[in-house]
Amino acid sequence: MLPIGVVINNLERDRLKAFAVATEEGFQIVHTSAVAESWLDGKDRELYVAAARASGLTIHTMFVGFDGQSYADWPSIARTVGLVIPELREHRCQVALKYSDLAHELGVTSLAAHVGFLPQDPTSTEYIALIDVLRRIADRYGENGQTFRLETGQESAKELLRLIEAVNRPNVGVNLDVANFILYNTDDPLHALDRLGPYIWGVHCKDGIRPATPRTLGTEVPIGQGEVRFPELIRKLMALGYSGPLIIEREHGPQVREDVRAAREYLKGLMESIS
Ligand code: MG
């Protein structure tokens, strides 16, 4: 049985309270969502570290994010998300490096981020600049004994693999978010799993339905109610020798906590039926 964890800031958006909420819900292993950039220094950082430590939770992966990002719709994501926005790239690189130090202080050995929509031409100046910033981040993370995991789904597995191979650093892998391939309509999740196999170091269990029109987002739904074929997914992960946690992600919805509890039971049942 693989351990089951949760993205804690789905359960509770308040970054300090969330640690206690996850513990109350019976979780021991979590992924954390991004904090405001101002929390990476000073008093807020101290409070964050104290809350994380007091919870006793294991932070399997800390997600890096940046002020001003919006996932509201496709154009907002293109305009605001990740390390692909030229005028914000240097600043965001520095923010990503601060996250490494925060994670290090908490004993966290893996960080992850959405890079944003990749430039289409791998020979373009923009693509080369992206490779450069990812190498700088990966190298610092490596010095801190950490891996850097690119969150999947805003591009096909083939495009992501091309980027990882171009970055060419041993501590760069992926956090496989199977539903994102559906929500962004970029790939088939099981194909993606096959292609990214050895780079899959973390997994988000989320579900969704494909969008009706291109360049719009699909609809996230509770696990088991969408297009992700979880029984095959879990079987393939286990066959691949994946031994990390399955992290439940439920970003939106009227009853996130209930959905997370149901997802945990669903995943437990699936693993029992497989093993
Ligand atoms: Mg995710």
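Note that ligands are numbered from 1 as they come in the structure, with each ligand's atoms numbered from 1 the same way. Since the structure is predicted, the reported quantities are computational estimates derived from the model, not experimental observations.
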Does the side chain of Ser55 pick up a donor-acceptor pair with the side chain of Arg53 at under 3.5 Å? no
The Mg ion (ligand 1) contact by Asp177, N, O or S atom under 2.8 Å: yes
Here the N/O/S atom of His204 closest to the Mg ion (ligand 1) would be ND1
If you consider just the N/O/S atoms, which atom of Glu249 is the closest one to the Mg ion (ligand 1)? OE1
Between Arg162 and Glu155, does any NZ, NE, NH1 or NH2 come within less than 4.0 Å of an OD or OE carboxylate oxygen? no
Among N, O or S atoms, Glu151 approaches the Mg ion (ligand 1) most closely through OE2
May I ask you to say whether Arg250 pairs ionically with Glu220, meaning some side-chain N is under 4.0 Å from a carboxylate O? yes
Using only heavy-atom distances, determine whether the side chains of Glu249 and His31 contain a donor-acceptor pair under 3.5 Å. no
